[in-house]
Structure formats: C-alpha cells, structure tokens
Amino acid sequence: MKVLVTGGAGYIGSHVVRQLAEAGHDIVVFDNLSTGYRWAVTAGELVIGDLANEAEIDQVFSSHRFDAVLHFAANIVVPESVTNPLKYYGNNTRNTLNLLKAVDKYKVPYMVFSSTAAVYGMPEQTVLTEDLPLAPINPYGASKMMSERMVTDLAAASGLNYVVLRYFNVAGANPDGLLGQATPEATHLIKVACECVTGQRGMSIFGTDYDTSDGTCVRDYIHVEDLASAHVMALDYMANGGESKVMNCGYGRGFTVSEVIDVVRRQSGVDFPVTKVGRRAGDPAALMADNALIKKTLGWQPAYDDLETIVGTALAWEAIWQKKKAA
Ligand code: UFG
C-alpha cells in the first residue's frame, strides 16, 4: 500500500515506518520535526510539514494517492496538557480534524489512529476493556477522545475504514540499536530511569501510598516493536475486509514503578538515587489492557512481552543516543 505516516520521525512512528518498509509498503512521512528527527526516518520520503497548515496537508495528498493514513503526530505529555490545554486541543484535536478533511476529500480508504489508555480516565477496574465509558481526567486524554470520535463519525458518514489503537505504556527500542526514544525532555518512567543511569538527570517516584503491592503505581509496559507490529497487522486486516475497530494495545499485566526502577538499576549496574515524593496529579493506581480483542481480531501475538527485554533495549539505546548526541 501507499501509506502516509504523520509523526513518522518520532519515537513510535519511526519504529512503525521501519516495519512498514519491511512489509513492502510505500511510505511518505509527514512530520514537522518538533520532537522527531530526520535520521529516524529510515524508509520512504520525508515531507516536512505541519498539520496546522491545511495547504501543506493538501499539497501532500494531491501529490500522492494514499491507500492508508497512519496518524501518530501528537503531543503526549499529560502534566503539560494540564497547564497548556489549548496546545493539546490544537495540535491533537484540531490538527486531526485538518488531516481528516484531506482523508475525506481524497477518499483515502484506510486509517490507523494512535489513541491512548488516557481516554479511560480513572476506571474502577484495573484491567480495561474497550467498551468502558470514556472519561478522561486530563486534556491529553480528552484531546485524543475527541479525535477518536471524529474518526469514527467520519467513517460512519463515508467509505473510511479505521483501526483505533489505544496504547498503554510504550517503552523499549529496536534491538538492533538503530532507533529508540530520543524525545527531548521525556517524562515517561523507563526513559527517565535510563537517563538517570547515564547521569543526565535525577528522578522521583510520584506516590508510594497507592493500593498496590508496594504502594507505587502499576502500568502495562509494552515494547515499541510489538506496538509497531500491531499497526502493520491493522493495515492487513483492513485490506482483507476487516471492519472498523477500536482496540487496546498492551500485554494485560503490570509492574509497579519500584519494580521498573529495580530492573533498570540491576541491568545497568548503576544504583542511581531516587527521591520519594507525593502523588502526581491524575495518576490512576493501576492500568492494564485487556488485550483479548486485538489478539482475536488481528491475530496479534507479542514477541517482547518481558520487562527485562524492554528495559535492556531501552538502556542499550540510551547509550547509543548519548554518543550520537555528543558527536
Ligand atoms: N513516574 C514516576 N517518576 C517519573 C516518571 C513516572 O514515578 O519520573 C510514575 C508515574 O507517576 C506513573 C508511572 O511512573 O505512576 C508511569 O508514568 P509515565 O509518565 O511513564 O506514564 P503514564 O502512565 O502517566 O502515561 C501513559 C502514557 C500516556 C497515557 C497514560 C494513560 O504514556 O500517553 O499512560 O494512563 F496517557
């Protein structure tokens, strides 16, 4: 297929581009390079453009005939979304609307949309199914919920088929060391812990009084390569006539913040200091994906469902990235 990948120079998008190329797809990446990098685009053509600019979007759609759009480009930092909500409603929600106008105008048949577990908010249960009511507790989750709704409403009114993937906690890196998370000022736990290993920063545990095995929050950490393979399978699924679906993407099990930090310390051999502080606003105690639907629908089977592997590839990448930055 001829595919447009927005945000294809970013962390998750770049891993997906690589797998799409291996599967034989023809790729155009559309990215403003705000948090992505040219070197991360290892296949296809890179068009530097901004989804805030409808003329730039139209230009890329009028010069290619896309079979599918995969939409990764977004801001993803929950605390930032609380202090700067309009940035999220602009870049995530309005810019998705801009993209959908082109998807509609040029009658693109397939779309894969990157959504998040943040659309669920603070549910009562810890293992989440897709049919739970959506009740985001921060502007990031709300911006993605609204975008999901636009995708599903457009599909209902047109010939568009979609797969919405709700990501849980994405981490790790391609094991061959060519790609990994290079996002500036990252806030995600495993990335932050890896930066502590190389002495770039210190870190805190946000809350030790949750109702979990050791008092710290539980999350479902999924390796970025497994997340990427779900996207490739989603395209095959739609091309084979599969109906539009919203699916969780996680492993269905969780680790506490302290467990994750212990694995990073043990694997790196660096006993970096960690400060225990109060809870971070908007953190649910435990979130895990019920992944029965994606396994059944796509036949998706994780290949890296192992915290040691996730942390090992993240640490290996961090060392490579530090050298790359210094060079
Ligand atoms: N944490 C720390 N210290 C840090 C960073 C994180 O203790 O320096 C803790 C957090 O408080 C949380 C856990 O580690 O308990 C995971 O936090 P992350 O920031 O890595 O990830 P989140 O669970 O907040 O966010 C993830 C996705 C979001 C999505 C959300 C849904 O990255 O995109 O899950 O809950 F919105």
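As the structure lists them, so they are numbered: ligands from 1, and atoms in each ligand from 1.
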Original post:
Can you tell which part of S204 has a heavy atom less than 4.0 Å from ligand 1: side chain, backbone, both or neither?
Top reply: backbone
**OP:** Write out the residue and atom name of the closest protein heavy atom to atom 15 (O) of ligand 1, then the distance separating them to 0.1 Å.
**Re:** C217 CB, 3.0 Å
Subject >> CZ on F255 to OG on S213, rounded to 0.5 Å >> reply: 11.0 Å
**OP:** Decide yes or no on salt bridge (charged side-chain N to carboxylate O under 4.0 Å, His left out) for E148 and R166, but give the supporting numbers first.
**Re:** CA-CA 10 Å; E148 276 194 18; R166 292 183 182 149; 2.8 Å; yes
Original post:
Tell me, which protein residue and heavy-atom name are nearest atom 26 (C) of ligand 1, and how many Å apart are they?
Top reply: N169 ND2, 3.4 Å
Original post:
Does a salt bridge link R266 with D262, judged by any charged N lying under 4.0 Å from a carboxylate O?
Top reply: no
Original post:
For atom 5 (C) of ligand 1, which protein heavy atom lies nearest, and how many Å away is it?
Top reply: T187 O, 3.5 Å
Original post:
Relative to ligand 1, is Y120 under 4.0 angstrom through side chain, backbone, both or neither, heavy atoms considered?
Top reply: neither
Original post:
Should D67 and K2 count as an ion pair when the cut-off is N to O under 4.0 Å?
Top reply: no
Original post:
According to the interplanar angle, ranging from 0 to 90°, do the rings of W321 and Y37 count as parallel (below 30°), tilted (30 to 60°) or perpendicular (above 60°)?
Top reply: perpendicular
Original post:
Side chain, backbone, both or neither: which part of T116 has a heavy atom under 4.0 Å from ligand 1?
Top reply: side chain
Original post:
How far is atom 7 (O) of ligand 1 from its nearest protein heavy atom, and which residue and atom is that?
Top reply: F206 N, 2.9 Å
Original post:
Where is the nearest protein heavy atom to atom 23 (O) of ligand 1: which residue, which atom, and how far?
Top reply: R219 NE, 2.7 Å
Original post:
Which bit of L287 is near ligand 1, meaning a heavy atom under 4.0 Å away: side chain, backbone, both or neither?
Top reply: side chain
Original post:
Distance from T183 atom OG1 to K191 atom NZ, nearest 0.5 Å?
Top reply: 6.5 Å
**OP:** Could you find the nearest protein heavy atom to atom 27 (C) of ligand 1 and give me its residue, atom name and distance?
**Re:** H188 NE2, 4.1 Å
Original post:
How long is the span from the CG atom in L179 to the NE2 atom in H15, to the nearest 0.5 Å?
Top reply: 5.0 Å
**OP:** List the closest protein heavy-atom neighbour of atom 9 (C) of ligand 1: residue, atom name, distance to the nearest 0.1 Å.
**Re:** V257 CG2, 3.7 Å
Original post:
Is the closest side-chain heavy-atom distance between E259 and T212 below 4.5 Å?
Top reply: no
Subject >> Worked verdict on E80 versus Y140 for side-chain hydrogen bond (donor to acceptor under 3.5 Å, both in side chains) >> reply: CA-CA 9 Å; E80 183 192 43; Y140 168 63; over 6 Å; no
Original post:
Given side chains that start at C-beta, do those of Y304 and T313 come closer than 4.5 Å, heavy atoms only?
Top reply: no
Original post:
Among all protein non-hydrogen atoms, which one is nearest to atom 10 (C) of ligand 1, and what is the separation to 0.1 Å?
Top reply: D283 OD2, 3.4 Å
Original post:
Against heavy atoms of V192, which atoms of ligand 1 measure under 4.0 Å?
Top reply: 8 (O)
**OP:** Answer with yes or no whether Y221 contacts ligand 1, where contact means a heavy atom under 4.0 Å from a ligand atom.
**Re:** yes
Subject >> Nearest candidate to atom 31 (C) of ligand 1, where distance is taken over non-hydrogen atoms, out of P136, A118, A74 >> reply: A118
Subject >> I205 neighbourhood, listing ligand 1 atoms whose heavy-atom distance to it stays under 4.0 Å >> reply: 7 (O)
Original post:
Hey, is Y167 touching ligand 1 through its side chain, its backbone, both or neither, going by heavy atoms under 4.0 Å?
Top reply: neither
Subject >> Point-to-point distance, once rounded to the nearest 0.5 Å, from CG of L287 to CG of D220 >> reply: 9.0 Å
Subject >> Location of contacts on R280 toward ligand 1, heavy atoms closer than 4.0 Å >> reply: side chain
